[in-house]
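Quick note: numbers below take in every heavy atom, side chains included, and nothing from hydrogens, waters or symmetry partners. Note on naming: letters A, B, ... go to the chains in the order of the sequence lines (proteins, then strands), and numbering restarts at 1 for each one.
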Amino acid sequence: MSEHSVQQPADNSDGKPSESIHFIEQIIQDDLKNSRHQHIHTRFPPEPNGYLHIGHAKAICLSFGLAEKYEGLVNLRFDDTNPEKESQEYVDAIRRDVTWLGYKWSGGEFYTSDYFEQLYGFAVRLIEKGLAYVDHQSAEDIAKGKGTPTKPGTASPHRSRSVEENLQLFDEMRQGIHPDGHCVLRAKIDMAHANMHMRDPLIYRIKRAHHQRTGDKWCVYPMYDFAHGQSDSLEEITHSLCTLEFEVHRPLYEWFIAALEIFPSRQIEFARLNLDHTVMSKRKLLKLVEDGVVDGWDDPRMPTISGLRRRGFTPQSIRTFCDRVGIAKRENVIDFSLLEWALRDHLNRVAHRTMAVLDPIKLVVVNFPEGQTEMLPSVNNPENPEDGSREMPFSKTLWMERDDFKIESNKKWFRLAPGKTVRLKSAYIVRYVDHVTGDDGRTKEVHVEYFPDSKSGSDTSGIKAKGTLHWVNAATAIDAEVRLYDRLFSDPTPDGHADKDFSEFLNPNSLEIREGCKLEPALASASADHPVQFTRLGYFALDAERTEQAGHMVWNRSVTLKDGWKG
RNA sequence: UGCCCCAUGGUGUAAUGGUAGCACACCGGUUUUUGGUACCGUUUGUCAAGGUUCGAGUCCUUGUGGGGCAACCA
């Protein structure tokens, strides 16, 4: 059990839980205590019209997590009632992402399209009760008739058709006798209702579109309000959790349950997740993909689950993040740094430390014997000694990071510079001797002398070095490409500006590709499943797909190490 | 000029009428062969005004501010 698992209420003598719970858990605990339900049953109902993002992860952790915690069931249900926008590709991606997060849909996998026949029957039942009618008005007239939030709507001229006529017309709709958009089925509720959704909402429309699952069997499809809640009911979902924008739909949700006399699922809304410096709507993410701004839905800069996965995030880190974000009803914008913290927190404990130089310059150990190679052990993870150590080759010619050398420095500079002495991680202490400047005016080589008695682990030199540098043996280095990422948008809330399009805030420097990076030889056997730390640089993940395409290793920087240096 | 929801440090989130706490971020310190980690510490908060109460972040009223609602989308 990890320290991140939710603590069960302690068995206190006074019976009080030792941990606070959010409002949805309170409802569940009350329902269980009052025997309103013997067990709970939740669901996650994505529309397969895009990839899942971190906001969905919050919803997934909520509904799946609650089912697990209270030993209930959870369904995965694809809300596929709009064939024009949905596809099997998205269904597959959603299943993959939920599975990757570590969840199983214990209650089963469902599709709203499986209920089309029953939904149709529900509509007939409504008509028979005089609670629905076929409207032949144009879309514009229907919209006009709805009024505005401040002005009541007006009744459709077809509102008082007889039950028989409505039954026949609705049957004709199904038979395909009428063209697309010719008429719709509407619930008969209240055109003057203060809630716009109660002003005779449309519940069925004619749309000749090939559905990825039902093919061409249907030419009428139910609208969200006449599909979602009914599906919840059919699956006997006890707690139907959704985001705030559906709050105004709840009266309708309940009206249909009452009118149809079906299982009373309960809808509860919570605030969706917003992350700063990114966008979280499928429409906007799709636009980034279509415009080629990013590499696809799984671009490592995307807030999608697949993007985060490729970036190197672990399922555990995302679950920790969702846990820390909390559940409430107020609008929120989470700091990106919380996500980064969650990843570091996990990877610090499990990732092996390795050495890589991203902007290499030569480091020559002038007094080290030419042609000799010494194997030096280096601990894989100081946070977890059980992970052992590996042997690193060390010789006269090494690579060091360009940033680790400066010609002019001061007392706060712990790295190499004229007059400075540093430790090479897991190797020796070296002292500056000289440096070589290239034709371009940049430093090309740094020459140092090493102290043979300062060997890591058996240092008897007595020399103190404030700084420790990472390095890679030149002769055995692996050449690789490393991709560094920054936030996709420079503005914290790119879609929060009424007068400007979110794309105006794209960060032009969100991707930096480094070629010719030098990796220690042990990294040859790295796999995408095991993120590593490049010592002093951050956590990195092998991009298996790009590596295969490029013919050389391609690494993605998942997150930098926290940098405490105020130089 | 309608209806619904919301309001606690910079950002999130607790406190269920009784000491405003936790996390992230920030800043400072200790330790350190990663300027990482770990540990310690500082600063910062109940939108406003009334009311109820011995006692209000919590209950009531009125404001103010924010969000949502008028797709044959979900």
What nucleic acid atoms does [X] come within less than 4.0 Å of, heavy atoms only: base, sugar-phosphate, or nothing?
X: A/R250; result: nothing
X: A/T535; result: base
X: A/I327; result: sugar-phosphate
X: A/G538; result: nothing

If I take atom [atom1] in residue [X] and atom [atom2] in nucleotide [N], what distance separates them, rounded to the nearest angstrom?
X: A/K406; N: B/G35; atom1: NZ; atom2: C1'; value: 13 Å
X: A/F270; N: B/U13; atom1: CZ; atom2: P; value: 12 Å
X: A/Q267; N: B/C5; atom1: CD; atom2: C1'; value: 13 Å
X: A/D459; N: B/U32; atom1: CG; atom2: P; value: 14 Å
X: A/H277; N: B/U11; atom1: NE2; atom2: C1'; value: 11 Å
X: A/D323; N: B/G12; atom1: CG; atom2: C1'; value: 13 Å
X: A/E269; N: B/C5; atom1: CD; atom2: P; value: 10 Å
X: A/E25; N: B/U13; atom1: CD; atom2: P; value: 15 Å

Return the orientation label for the [X] and [Y] ring planes: parallel under 30°, perpendicular over 60°, tilted otherwise.
X: A/Y120; Y: A/F170; answer: parallel
X: A/H197; Y: A/H249; answer: tilted
X: A/H158; Y: A/H136; answer: perpendicular

Q.
Quick check on RNA chain B: between A/L469 and A/V325, whose nearest nucleotide comes earlier from the 5' end?
A. A/V325
Return the minimal non-hydrogen interatomic distance between [X] and [Y], and the atom names on each side.
X: A/M392; Y: A/M355; value: SD-CE, 3.6 Å
X: A/I189; Y: A/P201; value: CD1-CD, 3.8 Å
X: A/A356; Y: A/L519; value: CB-CD1, 3.9 Å

Any protein N or O atoms within reach of nucleotides 21-23 of chain B? Criterion: under 3.5 Å, listing atom names and distances.
unit_1	atom_1	unit_2	atom_2	d
B/A23	O2'	A/R324	NH1	3.3

Using the [atom1] atom as the reference point in each nucleotide, state the distance between [N] and [M] in Å, no decimals.
N: B/U30; M: B/G12; atom1: C1'; result: 29 Å
N: B/G55; M: B/G41; atom1: C1'; result: 33 Å
N: B/C47; M: B/G65; atom1: P; result: 16 Å
N: B/C24; M: B/G18; atom1: C1'; result: 30 Å

Q: Among B/U1, B/A14, B/U33, find the nucleotide with the atom closest to the side chain of A/T150.
A: B/U1
Q. Of the nucleotides B/C5, B/G35, B/A14, which has the atom closest to the A/R415 side chain?
A. B/G35
Q | A/R344 vs A/T560, side-chain contact (heavy atoms from CB on, under 4.5 Å): CA-CA, chis, key distance, verdict | A | CA-CA 9 Å; A/R344 290 193 193 105; A/T560 61; 3.7 Å; yes
Q: Let me have RNA chain B in dot-bracket notation, would you? Count Watson-Crick plus G-U wobble pairs, both distances under 3.5 Å, and use [ ] for pairs crossing earlier ones and | for inter-strand partners.
A: .((((((..((((....[..))))..((((.......)))).....(((((..]....))))))))))).....
Q: In plain terms, say whether A/R536 and A/E401 are close enough for a salt bridge, that is, a side-chain N and a carboxylate O under 4.0 Å apart.
A: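 So A/R536 does not pair with A/E401 through a salt bridge.
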(Q) Quick test of your reading of the model: are A/D403 and A/R415 salt-bridged, counting only N-O distances below 4.0 Å? (A)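 Looking at A/D403 and A/R415, the cut-off is not met.
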Under 3.5 Å, N/O pairs linking protein and nucleotides 36-38 of chain B:
unit_1	atom_1	unit_2	atom_2	d
B/G36	N2	A/R353	NH2	3.3
B/G36	N2	A/E383	OE2	2.9
B/U37	O2'	A/N348	ND2	2.9
B/U37	O2'	A/E383	OE1	3.3
B/U37	O2'	A/E383	OE2	3.4

Does [X] use its side chain to pair, donor to acceptor, with the backbone of [Y] at less than 3.5 Å?
X: A/S231; Y: A/T112; result: no
X: A/K425; Y: A/S378; result: no
X: A/H277; Y: A/F489; result: yes

Q. Hey, mind stepping through A/R349 and A/N384 against side-chain hydrogen bond (donor to acceptor under 3.5 Å, both in side chains) and telling me if it holds?
A. CA-CA 7 Å; A/R349 280 174 283 130; A/N384 186 20; over 6 Å; no
Show me the side-chain donor-acceptor pairs of residues 138-145 of chain A shorter than 3.5 Å, one per line, residues at least two apart or across chains.
unit_1	atom_1	unit_2	atom_2	d
A/S138	OG	A/D141	N	3.1
A/S138	OG	A/D141	OD2	3.4

Q.
Can you build the contact string for nucleotides 67-74 of chain B? Use B for base contact, S for sugar-phosphate-only contact, and - for no protein heavy atom under 4.0 Å.
A. S-SB-BSB
Q) What pairs of residues pass the salt bridge (charged side-chain N to carboxylate O under 4.0 Å, His left out) test when at least one of them lies in residues 450-473 of chain A, not counting sequence neighbours? A)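 Of all non-adjacent pairs touching residues 450-473 of chain A, those that pass salt bridge (charged side-chain N to carboxylate O under 4.0 Å, His left out) are A/E374-A/K455, A/R423-A/D459.
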